[in-house]
Novice: 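The structure's right below; bear with me while I get my questions together.
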2 protein chains.
Amino acid sequence: MSRTEHNGTGRRRPPTIHDVAREAGVSRGTVSRVLNGGHHVSPAALDAVRSAIRRTGYTVNRHARSLITGRSDSVAFLLTEPQERFFEDPNFNVLLRGCTAALAAHDIPLLLMIAGTEAERRRNMRYIAGHVDGVLLVSSHSGDPVAAQLHEAGVPLVACGKPLGQGSKVSYVAADDLGGARDMVRYLYASGRRRIATVSGPLDTPGGVERLAGYRATLAECGLPYDEALVVPGDYSRAGGEAAASLLLERAPDIDAVFVGSDLMAQGVLTTLERAGRRVPGDIAVGGFDDSPAALAARPELTTVRQPWDRISAEMVRVLLAQIGGEDPAAVILPTELVRRDSA
Amino acid sequence: MSRTEHNGTGRRRPPTIHDVAREAGVSRGTVSRVLNGGHHVSPAALDAVRSAIRRTGYTVNRHARSLITGRSDSVAFLLTEPQERFFEDPNFNVLLRGCTAALAAHDIPLLLMIAGTEAERRRNMRYIAGHVDGVLLVSSHSGDPVAAQLHEAGVPLVACGKPLGQGSKVSYVAADDLGGARDMVRYLYASGRRRIATVSGPLDTPGGVERLAGYRATLAECGLPYDEALVVPGDYSRAGGEAAASLLLERAPDIDAVFVGSDLMAQGVLTTLERAGRRVPGDIAVGGFDDSPAALAARPELTTVRQPWDRISAEMVRVLLAQIGGEDPAAVILPTELVRRDSA
DNA sequence: AATGACGCTGTGAGCGTTCACAGTAGAGAA
DNA sequence: TTCTCTACTGTGAACGCTCACAGCGTCATT
């Protein structure tokens with residue numbers, strides 16, 4: 001005997017909490033209590049309600065709930081990168097996938113917002129205030145005022161990577177960029193390299209400055225001189241890597257290793273080196289950063305530093321939900337791992 | 001003189017339609033009418049309300065609205081690919097970006113849902129029914145029952161690529177795969193190639209079968225024999241391309257061209273050919289499909305078929321919104337374009 | 001036996017909108 | 001003038017839920 005009434009044309013009105021209450025022989029209040037943890041509900045009532053929910057196929061109307069609770073039970077994933085990077089950089093996919101999954105486990109949908117243009121930025125900001133419980137922010141450039149704005153508006157917020165110049169007020173989760181760079185440079189040194197250059201990330205991004213700092217500190221640690229000619233800032237793109245390597249080769253033809261701030265740039269570096277007739281890793285060792293799919297796509301496959309994206313996304317969600325729950329902002333730094341392949 | 005009251009600690013209660021009404025000296029009803037198109041509102045009232053909205057910083061509470069209208073004014077982007085592909089394939093990013101932007105123009109947020117596992121699939125289905133106005137579906141494998149389920153549940157739906165075996169009931173937007181394959185094979189033929197092999201996409205995806213059909217038809221058109229040994233199905237991955245090329249070289253060492261069903265696979269094909277000592281395009285021409293970033297990353301750069309992703313995403317959104325608005329399902333096929341680079 | 005505490009339950013109010021309806025005023029037609 | 005029509009406006013009701021409160025038994029304590 002089917003309780004769910006048939007439905008010839010189109011969708012029918014979905015069951016409400018009233019329907020469940022009637023079906024279970026209890027009141028709305030009791031059903032609501034079951035829905036929200038089941039405290040102060042007798043075992044008998046609990047059973048009756050649960051089975052009524054199953055029979056009716058009831059799902060809560062989140063709009064009605066949000067209307068009264070003031071929460072929206074949804075979270076925005078806000079991306080303020082220039083769009084070329086989003087298209088090119090596989091790290092975003094991994095991060096996005098991870099956050100979606102972590103949120104799904106809490107039954108919280110992820111609203112994707114991309115702010116390439118100024119108009120989009122404004123629209124997103126307007127939407128976020130009041131329609132979303134919190135924001136996962138991905139925007140590496142420190143010039144971006146969005147973190148400050150959101151923080152000021154009192155919106156719970158977790159950034160991916162330490163936002164430069166925001167003081168210590170906003171939560172973030174980041175890989176240990178400095179440590180990762182150190183591991184790579186140590187490794188290059190240990191394998192006999194003595195003229196180690198670097199192509200850094202943009203110096204207005206935390207990854208750019210931190211990895212460069214790690215490079216510099218490790219050079220000192222190894223007793224190698226710091227030579228400005230060996231440092232070229234890139235832009236995290238493949239083409240940027242190609243250009244940086246050309247410059248490097250011109251300035252210092254005698255280099256025997258390059259630590260590159262991202263795998264994508266490292267791919268570009270490899271291209272330039274190949275064109276210049278340098279063998280990798282024979283003549284020059286190349287170390288990347290990220291361990292993205294690009295590392296495996298490169299020839300030779302890249303020795304690189306793995307960013308723990310799965311843990312990063314999981315932590316971002318954990319910290320954000322904690323903050324929505326009233327806890328204080330937190331900073332989380334996760335260890336990286338050196339991945340040895342063929343390029344160094 | 002600031003009307004927005006100050007707010008020392010945390011967020012304050014946002015202004016409601018009542019506040020606006022009072023501020024403008026009209027009733028809720030009038031404000032509501034202004035919010036919904038401004039019909040049947042006098043110019044004076046319109047002005048008063050608009051300026052009141054500006055002064056109070058009012059934004060509508062979408063939950064309250066949704067509660068009564070029954071609409072949610074949001075759309076799900078549902079991805080049911082195995083996750084490796086999502087991580088590797090840059091096409092998704094372009095599509096996602098395009099859909100987000102197109103929806104944003106209508107002030108409709110995009111809920112990202114990824115169904116890698118069965119549990120995720122169920123959760124997403126439960127969420128979608130009742131919480132979302134429509135679905136943009138990206139799942140190329142026809143075995144996937146999700147399109148049928150959604151369609152049956154009466155959820156407005158647009159697929160990316162023709163869903164195999166769904167009859168003609170569900171809307172879709174696709175590139176002209178057949179035409180694109182035809183252009184590529186014609187081009188290879190025109191440049192003197194006579195033993196043209198192909199690495200197709202998976203044969204349970206529309207792209208796989210359509211492009212293969214185009215290849216086959218054009219061979220016939222050119223008077224070339226169809227040789228089963230020259231056809232190897234791939235899996236859209238780079239590694240799959242490598243394997244397919246090995247098989248091809250083994251079966252038919254005399255081939256002088258390969259039409260590959262995706263750029264990513266073409267990258268793999270190039271790797272294998274290079275290892276085997278074949279020169280591209282000297283010995284063997286290679287044609288890709290997609291014109292993704294991978295085409296530019298390949299060496300030599302890929303001659304390929306451009307999928308008009310920006311138009312695809314825009315059309316998907318247009319068709320979906322039309323369908324939500326009550327129109328009938330529609331199929332849209334968009335032209336592709338041959339992009340000549342270095343590999344053929 | 002009376003009191004308090006506690007666990008469970010039902011009820012009314014209200015969240016911020018939209019919608020249908022009724023009412024008003026002004027313009028044009030008879 | 002009177003009537004009708006139209007354009008505009010305000011008012012209750014409702015959407016489906018949670019929350020605070022009050023009621024009611026039951027048990028332990030005084």
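In what follows, chains carry the letters A, B, and so on, assigned in the order in which the sequence lines appear, proteins first and then strands, with residues in each chain numbered from 1.
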Novice: Measure the distance from CD1 on A:Ile17 to C1' on D:dC19 and round it to the nearest whole Å.
Specialist: 12 Å
Novice: 5'-most contact on DNA chain C: A:Leu67 or A:Gly25, nearest heavy atom basis?
Specialist: A:Gly25
Novice: Does OP1 or OP2 of C:dG16 have a side-chain N or O of B:Thr16 closer than 4.0 Å?
Specialist: no
Novice: Confirm from the modelled atom types if A:Arg13 and D:dG16 form a donor-acceptor pair under 3.5 Å, side chain to base only.
Specialist: no
Novice: Rounded to whole angstrom units, what separation is found between the CZ atom of A:Arg33 and the C1' atom of D:dT18?
Specialist: 10 Å
Novice: Between C1' on D:dC17 and CG on A:Asp19, what's the gap in Å once rounded to a whole number?
Specialist: 13 Å
Novice: Give the intermediate values and the outcome of side chain to side chain contact (heavy atoms under 4.5 Å, CB included) for residues A:Asp73 and A:Asp133.
Specialist: CA-CA 6 Å; A:Asp73 292 311; A:Asp133 292 342; 4.1 Å; yes
Novice: Can you list the steps and then say if A:Met125 with A:Leu150 is a side chain to side chain contact (heavy atoms under 4.5 Å, CB included)?
Specialist: CA-CA 8 Å; A:Met125 292 299 286; A:Leu150 288 172; 3.7 Å; yes
Novice: Could you state the NE2-P distance from A:His40 to D:dC24, rounded to the nearest angstrom?
Specialist: 20 Å
Novice: Return no unless some side-chain N or O of B:Thr30 is found under 4.0 Å from OP1 or OP2 of D:dG10.
Specialist: yes
Novice: Going by an N to O cut-off under 4.0 Å, is there a salt bridge joining B:Arg22 and B:Asp19?
Specialist: yes
Novice: Looking at B:Ser32, I'd like to know whether one of its side-chain N or O atoms comes within less than 4.0 Å of OP1 or OP2 on C:dT18.
Specialist: yes
Novice: Could you pick out which residue, B:Ala64 or B:Val26, lies toward the 5' side of DNA chain D when each is mapped onto its nearest nucleotide?
Specialist: B:Val26
Novice: What is the separation between atom NE2 on B:His131 and atom C1' on D:dC17, rounded to the nearest whole Å?
Specialist: 12 Å
Novice: Measuring to OP1 and OP2 of C:dC19, would you say a side-chain N or O of B:Thr69 lies under 4.0 angstrom away?
Specialist: no
Novice: Can you tell me how far C1' of D:dC8 sits from CG of B:Asn36, to the nearest Å?
Specialist: 16 Å
Novice: Looking at B:Glu315 and B:Arg318, does any basic side-chain N land under 4.0 Å from a carboxylate oxygen?
Specialist: yes
Novice: A:His63 has an atom NE2; how far is it from atom C1' of D:dG16, in whole Å?
Specialist: 11 Å
Novice: Give a yes/no on whether any side-chain N or O of A:Ser66 is located under 4.0 angstrom from OP1 or OP2 of D:dC17.
Specialist: no
Novice: Could you walk me through whether B:Thr80 and B:Asn124 pass the side chain to side chain contact (heavy atoms under 4.5 Å, CB included) test, one step at a time?
Specialist: CA-CA 10 Å; B:Thr80 63; B:Asn124 287 334; over 6 Å; no
Novice: Nearest-Å distance, NE2 (B:His39) to P (C:dT18)?
Specialist: 14 Å
Novice: If you only use heavy atoms from C-beta on, which nucleotide in C:dC8, C:dT17, C:dG14 is closest to the side chain of A:Ser42?
Specialist: C:dC8
Novice: Answer yes or no: side-chain N or O of A:Arg28 and base N or O of D:dT18 forming a donor-acceptor pair under 3.5 Å.
Specialist: yes
Novice: Between D:dG10, D:dC15, C:dT9, which nucleotide gets closest to the side-chain atoms of A:Ala45?
Specialist: C:dT9
